[in-house]
Amino acid sequence: MALDKTEVLDGLIEIIVDETGLDSAEITPEKNFADDLDIDSMSMMTIMTLAEDKFGVEIPDDSVGTLHTVGDAVDFIAGA
């Protein structure tokens, strides 16, 4: 069963805010994790692990590197 993209985005933003301290208003689907949000690979792995737990999906480690934007992650999680 596919997850609702709006719910995934809201939940992912919550995780990113908790992990990084960024303002939620800064986090939009178009934002690049590394270039726009300054999220390094270690923090990205933590965020994706928390997302796996929150949404009950599996995000393989080799897929995390292909998730460049918040929207990429939302699409992947919603389609998992």
Side-chain angles (χ1 to χ4, degrees):
M1 182 173 117
L3 298 168
D4 179 81
K5 286 187 178 186
T6 302
E7 290 179 21
V8 173
L9 176 61
D10 290 345
L12 189 58
I13 289 172
E14 186 175 297
I15 291 169
I16 294 169
V17 167
D18 287 346
E19 182 63 22
T20 66
L22 290 168
D23 185 330
S24 62
E26 297 178 58
I27 306 167
T28 63
E30 299 79 22
K31 295 288 180 148
N32 183 289
F33 285 107
D35 297 339
D36 298 323
L37 302 177
D38 200 28
I39 294 175
D40 63 24
S41 59
M42 183 65 82
S43 293
M44 185 67 176
M45 292 301 289
T46 301
I47 290 166
M48 290 302 116
T49 299
L50 293 169
E52 286 179 322
D53 293 343
K54 184 174 189 79
F55 299 110
V57 299
E58 182 179 347
I59 306 170
D61 290 349
D62 59 345
S63 293
V64 173
T66 67
L67 305 176
H68 302 291
T69 66
V70 173
D72 291 341
V74 169
D75 289 344
F76 186 92
I77 292 167

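Side chains included, hydrogens not; waters and symmetry mates left out as well; all remaining heavy atoms used.
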Taking all non-hydrogen atoms of both residues into account, name the closest pair between [X] and [Y] and its distance.
X	Y	answer
A51	V57	O-CG2, 4.5 Å
F33	M48	CZ-CE, 4.4 Å
F76	L67	CB-CD2, 3.8 Å

Once side chain to side chain donor-acceptor pair (under 3.5 Å) is applied, what residue pairs with a partner in residues 65-78 remain, sequence neighbours excluded? K5-D75, T69-D72

Taking side chain to side chain donor-acceptor pair (under 3.5 Å) as the cut-off, I'd like each qualifying pair that reaches into residues 35-47, sequence neighbours left out, listed once. D40-S43

How far apart are the C-alpha atoms of D18 and L50, what are their side-chain angles, what is the distance that settles it, and do they pass the side-chain contact (heavy atoms from CB on, under 4.5 Å) test? CA-CA 10 Å; D18 287 346; L50 293 169; over 6 Å; no

Output a table of donor-acceptor pairs, distance under 3.5 Å, between side-chain atoms of residues 21-29 and any protein atom two or more places apart or on a different chain; print 'none' if there are none.
| unit_1 | atom_1 | unit_2 | atom_2 | d |
| --- | --- | --- | --- | --- |
| D23 | OD1 | A25 | N | 2.9 |
| E26 | OE2 | D23 | N | 3.2 |
| T28 | OG1 | E30 | OE1 | 3.2 |

Set of side chain to side chain contact (heavy atoms under 4.5 Å, CB included) partners for D61, sequence neighbours left out: M45

Please check if the side chain of S63 supplies one atom and the backbone of I59 the other of a donor-acceptor pair under 3.5 Å. no

Filter on salt bridge (charged side-chain N to carboxylate O under 4.0 Å, His left out), then keep only pairs touching residues 43-54, sequence neighbours left out; what's left? E14-K54

Output for pair (L37 CG, M44 CE), nearest 0.5 Å, gives 9.5 Å

Between I16 and I39, is a side-chain contact (heavy atoms from CB on, under 4.5 Å) present by the stated rule, with each step listed? CA-CA 9 Å; I16 294 169; I39 294 175; 4.0 Å; yes

